[in-house]
Trainee: 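What follows is a structure written as structure tokens; I'll ask about it next.
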Amino acid sequence: MKVAITGSNGLLGSALARSLTDDGHRVVHLVRRPARGDDEARWDPEGGTVDTDPLAGADAVVHLAGAPLGPARWTTARRRAIRQSRVAGTRTLAEALAAMDAPPGRLLSGSAVGYYGDTGDHAVDETAAKGEGFLADVCRDWERATEAAEKAGISTAHLRTGLVLDADGGLLGTVLPLFRLGLGGRLGSGRQYMSWIGRHDHVAAMRFLLERPDLTGPFDLCAPEPVTNAAYTRAVAAAVGRPAPLPVPAFAMRAALGGFADEAALVSQRVLPARLEEAGFAFEHPTLGPALTSLLYGH
């Protein structure tokens with residue numbers, strides 16, 4: 001296949017690009033600077049332009065670009081960047097693909113389990129309604145922004161991604177040094193659910209969906225066994241062989257991080273990958289302990 005990827009320097013995009021390239025597929029990286037070769041295409045997501053010439057003959061596009069959520073205080077400017085990078089960027093890409101003489105047949109477009117808002121102890125899947133809050137609204141508009149591509153006949157799936165675990169990046173990679181020093185701890189009460197997925201399984205799920213253009217609409221990309229933050233903390237501590245005695249109080253997180261604490265770090269999201277499993281995808285690491293062992297020690 002020939003696959004174009006936005007966000008190809010990020011945690012997921014770089015892993016997907018390596019996986020495809022290792023298997024002999026051709027990858028075109030969408031970049032914001034001038035292209036340096038025929039494996040790059042320039043795009044300006046906020047300005048509304050995409051050089052689609054290098055995308056000619058592409059079988060699929062995987063759209064993973066978006067401003068980081070944090071950890072950082074969600075100022076008005078940051079909220080605007082989070083929304084614009086996702087909604088405007090997706091609309092720019094979708095409209096550019098739709099305008100091509102021969103558009104790619106497949107589009108995988110990023111989204112997040114934030115779509116469901118705070119689910120408490122209640123487990124939800126793709127049949128659940130949109131939740132409340134800033135991230136839920138962003139995810140709704142993010143998914144709607146692919147409309148032009150869908151109207152052009154491009155088979156489109158939305159990747160509602162959970163917390164991606166990787167030893168070299170993301171939340172896990174950031175806090176591992178603290179856990180290895182015995183300074184880890186739960187966040188707030190620790191009762192909030194976390195919908196997680198190992199990087200390897202996320203890449204495998206994207207590869208699975210790339211090869212199944214008959215599968216459209218939202219897909220929850222998270223492991224089938226979400227855990228509470230307290231259980232997650234114990235599992236990471238056990239994986240590195242150190243205690244995790246230092247909980248971070250909710251009030252302290254709110255004071256430092258504002259909206260990010262309330263809508264990301266402390267929110268409970270118990271999300272299940274129903275449609276992915278029904279389609280026949282098999283997780284290599286459906287439970288947290290073995291996933292952490294694999295990520296940290298390669299087995």
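Computation of the quantities below employed the complete heavy-atom set of this structure, encompassing side-chain atoms and omitting hydrogens, waters and symmetry-equivalent molecules.
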Trainee: Can you list the steps and then say if Lys130 with Asp137 is a salt bridge (Lys or Arg N to Asp or Glu O under 4.0 Å)?
Mentor: CA-CA 8 Å; Lys130 183 188 80 71; Asp137 291 346; 2.7 Å; yes
Trainee: Any pair with a residue in residues 240-252 that passes salt bridge (charged side-chain N to carboxylate O under 4.0 Å, His left out), sequence neighbours left out, goes on the list, sorted by first then second residue, please.
Mentor: none
Trainee: Tell me the closest heavy-atom pair linking Ala94 and Thr146, and the distance in Å.
Mentor: CB-CA, 3.9 Å
Trainee: Less than 4.5 Å apart, any side-chain heavy atom of His29 and any of Ser14?
Mentor: no
Trainee: Verify the cluster assignment for Val28 and Val61: are they in a single hydrophobic cluster under the rule of side-chain heavy atoms below 4.5 Å apart?
Mentor: yes
Trainee: Would you mind listing the cluster partners of Phe251? Hydrophobic ones only (ILVMFWY), side-chain contacts under 4.5 Å, chaining allowed.
Mentor: none
Trainee: Quick check: closest heavy atoms across Val113 and Cys222, and the distance to 0.1 Å?
Mentor: CG1-SG, 4.4 Å
Trainee: Verify whether one side chain among Ser111 and Glu143 offers a donor that lies under 3.5 Å from an acceptor in the other.
Mentor: yes
Trainee: With a 4.5 Å cut-off on side-chain heavy-atom distances among I, L, V, M, F, W and Y, is there a chain of contacts connecting Met100 to Val62?
Mentor: no
Trainee: Tell me, with the steps shown, if Leu159 and Leu209 meet side-chain contact (heavy atoms from CB on, under 4.5 Å).
Mentor: CA-CA 10 Å; Leu159 312 176; Leu209 290 171; 3.7 Å; yes
Trainee: What's the separation between atom OG in Ser8 and atom CG in Leu64, rounded to the nearest 0.5 Å?
Mentor: 9.0 Å
Trainee: Starting from Leu178 and following side-chain heavy-atom contacts under 4.5 Å between hydrophobic residues (I, L, V, M, F, W, Y), which residues can be reached?
Mentor: Leu181, Leu183, Leu246
Trainee: Tell me the salt bridge (charged side-chain N to carboxylate O under 4.0 Å, His left out) pairs involving residues 165-194, sequence neighbours left out?
Mentor: Asp166-Arg199
Trainee: Side-chain heavy atoms nearer than 4.5 Å, only ILVMFWY residues, links allowed to pass through others: does that put Leu11 and Val203 together?
Mentor: yes
Trainee: Is any side-chain heavy atom of Arg26 closer than 4.5 Å to one of Asp38?
Mentor: yes
Trainee: Please evaluate residues Thr216 and Thr156 with respect to the criterion side-chain contact (heavy atoms from CB on, under 4.5 Å), reporting the C-alpha separation (whole Å), side-chain torsions for both, the decisive distance (0.1 Å), and the verdict.
Mentor: CA-CA 5 Å; Thr216 61; Thr156 303; 5.9 Å; no
Trainee: Filter on ring pair (Phe, Tyr, Trp, His ring centres under 6.0 Å), then keep only pairs touching residues 115-141, sequence neighbours left out; what's left?
Mentor: Trp74-Phe134
Trainee: Under 4.0 Å between a side-chain nitrogen and a carboxylate oxygen: does that hold for Asp121 and Arg270?
Mentor: no
Trainee: Looking at every heavy atom in both Ala244 and Thr233, which two are closest together, and how far apart are they?
Mentor: CB-CG2, 3.8 Å
Trainee: Distance from Asp125 atom CG to Leu272 atom CG, nearest 0.5 Å?
Mentor: 6.5 Å
Trainee: Is a side-chain donor or acceptor of Asp201 paired with a backbone partner of His285 at a separation under 3.5 angstrom?
Mentor: yes
Trainee: Tell me, yes or no, whether the heavy-atom count around Glu147 atom CD, taken from other residues, nucleotides or ligands under 6.0 Å, exceeds 12.
Mentor: no
Trainee: Has Gln269 got a side-chain atom pairing as donor or acceptor with Gly117's backbone, closer than 3.5 angstrom?
Mentor: yes
Trainee: Starting from Val267 and following side-chain heavy-atom contacts under 4.5 Å between hydrophobic residues (I, L, V, M, F, W, Y), which residues can be reached?
Mentor: none
Trainee: Is the closest side-chain donor-acceptor distance between Ser294 and His200 under 3.5 Å?
Mentor: no
Trainee: Is it the case that over 12 heavy atoms from other parts of the model lie below 6.0 angstrom from the CG atom of Asn9?
Mentor: no
Trainee: With sequence neighbours excluded, tell me which residues meet side-chain contact (heavy atoms from CB on, under 4.5 Å) with His25.
Mentor: Met1, Leu20, Asp23, Arg207
Trainee: Quick check for you: to the nearest 0.5 Å, what is the distance between Tyr232 atom OH and Leu292 atom CG?
Mentor: 7.0 Å
Trainee: Of all the heavy-atom pairs spanning Arg275 and Gly217, show the shortest one and how long it is.
Mentor: NH1-C, 3.7 Å
Trainee: So how far is it from Leu187 CG to Gln192 CD, rounded to the nearest 0.5 Å?
Mentor: 6.0 Å
Trainee: Where is the tightest heavy-atom contact between Arg42 and Pro34, given as atom of each residue plus distance?
Mentor: NH1-CG, 3.7 Å
Trainee: Within the 4.5 Å heavy-atom criterion, are Pro290 and Glu284 side-chain neighbours or not?
Mentor: no
Trainee: Trp142 side chain to Gly110 main-chain N or O, any donor-acceptor pair under 3.5 Å?
Mentor: yes
Trainee: Is the shortest side-chain N to carboxylate O distance from Arg86 to Asp141 below 4.0 Å?
Mentor: no
Trainee: Given a cutoff of under 4.5 Å between side-chain heavy atoms of I, L, V, M, F, W and Y, with clusters grown through shared members, what are the other residues clustered with Val87?
Mentor: none
Trainee: How long is the span from the CD1 atom in Ile197 to the CG atom in Leu276, to the nearest 0.5 Å?
Mentor: 7.5 Å
Trainee: Verify the cluster assignment for Tyr193 and Leu163: are they in a single hydrophobic cluster under the rule of side-chain heavy atoms below 4.5 Å apart?
Mentor: no
Trainee: Tell me, please, which residues at least two apart from Phe283 pass ring pair (Phe, Tyr, Trp, His ring centres under 6.0 Å).
Mentor: Phe281
Trainee: Any sub-3.5 Å donor-acceptor pair from Ser268's side-chain atoms to Thr119's backbone N or O?
Mentor: no
Trainee: When rounded to the nearest 0.5 angstrom, what is the spacing between CG in Leu210 and CZ in Arg106?
Mentor: 7.0 Å
Trainee: More than 12 foreign heavy atoms under 6.0 Å from CD of Glu46: is that the case here?
Mentor: yes
Trainee: Is it the case that one hydrophobic cluster holds both Val236 and Leu296, taking links as side-chain heavy atoms less than 4.5 Å apart, direct or via other members?
Mentor: yes
Trainee: Without placing hydrogens or testing angles, list every side-chain donor-acceptor pair under 3.5 Å for residues 50-59, not counting sequence neighbours.
Mentor:
unit_1: Asp51; atom_1: OD1; unit_2: Asp53; atom_2: N; d: 3.2
unit_1: Asp59; atom_1: OD2; unit_2: Lys2; atom_2: N; d: 2.8

Trainee: Evaluate Leu93 against Leu30 for side-chain contact (heavy atoms from CB on, under 4.5 Å), listing each step before the verdict.
Mentor: CA-CA 10 Å; Leu93 181 64; Leu30 275 81; 4.0 Å; yes
Trainee: With sequence neighbours left out, write down each residue that passes ring pair (Phe, Tyr, Trp, His ring centres under 6.0 Å) with Trp43, or none if nothing qualifies.
Mentor: His63
Trainee: If every non-hydrogen atom of Ala152 is compared with every non-hydrogen atom of Ala98, which pair is closest and at what distance?
Mentor: CB-CB, 3.7 Å
Trainee: Starting from the C-alpha separation in whole Å, work towards a yes-or-no answer on side-chain contact (heavy atoms from CB on, under 4.5 Å) for Glu225 and Leu288.
Mentor: CA-CA 8 Å; Glu225 295 192 20; Leu288 183 58; over 6 Å; no
Trainee: Which residue pairs satisfy the salt bridge (charged side-chain N to carboxylate O under 4.0 Å, His left out) criterion with at least one member in residues 209-221, sequence neighbours excluded?
Mentor: Arg212-Asp214
